[in-house]
Amino acid sequence: MENSWKGLVNKTFFSQSTPDLAQALLGMVVAHDSPLGRCAGRIVEVEMYRGPDDKAAHSFGGRPTPRTRVMYGPPGYAYVYFVYGMHYCLNVVTGPIGSPEAILIRALEPLQGIEIMAQRRHIKIHEASANLCRLTNGPAKLAQALGIGIKEYGLELFNSPLQLYHDQDPLPSHVIATGPRINVSYAGEAALYPWRFWIKNHPCVSIKGRVQKTKT
DNA sequence: ATAATGATTGGC
DNA sequence: CCAATCATTATT
């Protein structure tokens with residue numbers, strides 16, 4: 001039952017800066033235990049949102065709202081939000097108390113609970129086997145596959161049904177790619193910041209994420 | 001109370 | 001390209 005990968009994160013893991021954490025998360029494992037069973041995947045794509053001054057962030061302006069409340073607390077908790085009337089997305093809260101930053105998990109490589117995830121995603125298992133990445137290659141897809149909804153809002157990632165694990169040595173920077181965030185054109189100049197990170201050439205990077213590959 | 005809109009996805 | 005679909009937010 002308790003597949004532990006290499007090791008559950010400590011609370012202190014989250015004291016790193018948001019840019020450092022965004023890259024540190026790549027290669028780590030997210031797991032969620034539910035009545036249906038345990039599902040898990042390796043993080044292969046993330047985006048960071050940097051607080052009151054980031055026009056693309058939900059915390060832009062720095063005023064807490066019921067939705068963004070958890071981002072103003074300590075790091076290491078789940079910020080889950082609902083968008084487009086039908087999708088949930090999962091973030092890791094970062095930054096010290098009062099600094100509303102977060103990292104959006106955009107894509108996973110499926111590792112455990114494939115059948116459960118296929119069921120939640122309404123994808124036939126044999127069809128999913130042909131391309132497992134379709135289960136979790138997008139922020140709303142992975143939330144659906146892992147069974148993450150508003151009930152998981154505010155869970156602590158080091159001591160709850162939703163967990164973050166180390167599984168391998170930190171990835172060397174040469175296998176990490178960066179580029180602009182997806183779907184934030186409304187953010188003006190902030191839309192151009194290279195605040196999306198992904199594992200180079202990984203097949204499970206989101207569809208939009210692979211459109212334009214490495215730049216700079 | 002009302003109106004605008006979105007850190008997406010899937011289908012045409 | 002565009003519809004789906006409604007909670008959240010800002011505004012009246």
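Sequence lines set the chain letters: A, B, ... in the order given, protein chains first and strands last, and positions in each chain run from 1.
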Watson-Crick or G-U counterpart of C:dT5, or none if no pair lies under 3.5 Å:
none

Pairing nucleotide - C:dT11, Watson-Crick or G-U, each distance under 3.5 Å
B:dA1

If the cut-off is 4.0 Å, is [X] near the phosphate of [N], judged by side-chain N/O to OP1 or OP2?
X: A:R67; N: C:dA7; result: no
X: A:R121; N: B:dG10; result: yes
X: A:Y84; N: B:dA7; result: no
X: A:K141; N: B:dG10; result: yes
X: A:R134; N: B:dG10; result: no
X: A:R63; N: C:dA10; result: yes
X: A:N183; N: B:dA7; result: no

Rounded to the nearest Å, what distance is computed from the [atom1] atom of residue [X] to the [atom2] atom of nucleotide [N]?
X: A:K208; N: B:dT8; atom1: NZ; atom2: C1'; result: 7 Å
X: A:L90; N: B:dA7; atom1: CG; atom2: P; result: 15 Å
X: A:I150; N: C:dA7; atom1: CD1; atom2: C1'; result: 9 Å
X: A:Y88; N: B:dT9; atom1: OH; atom2: P; result: 15 Å
X: A:I182; N: B:dG6; atom1: CD1; atom2: C1'; result: 15 Å
X: A:Y79; N: C:dA7; atom1: OH; atom2: P; result: 15 Å
X: A:R181; N: B:dG6; atom1: CZ; atom2: P; result: 15 Å

Looking only at atom P, what distance separates C:dT5 and B:dT2, rounded to whole Å?
23 Å

Check this for me: does any side-chain nitrogen of one of A:K6 and A:D167 sit under 4.0 Å from a carboxylate oxygen of the other?
no

Does the side chain of A:D33 come under 3.5 Å of the side chain of A:Q163 through a donor N or O and an acceptor N or O?
yes

Distance only, no hydrogens: is a donor on one side chain within 3.5 Å (strictly under) of an acceptor on the other, for A:S34 and A:R120?
yes

Between A:V83 and A:T65, the residue closer to the 5' end of DNA chain C by nearest nucleotide is A:V83

Of A:C39, A:C204, A:P110, which meets side chain to side chain contact (heavy atoms under 4.5 Å, CB included) against A:L135?
A:P110

Rounded to the nearest 0.5 Å, what's the gap from CZ on A:R42 to CG on A:L111? Could you check?
5.0 Å

Quick note, A:H58 side chain, CB onward, closest among C:dT9, B:dT9, B:dA7 is B:dA7

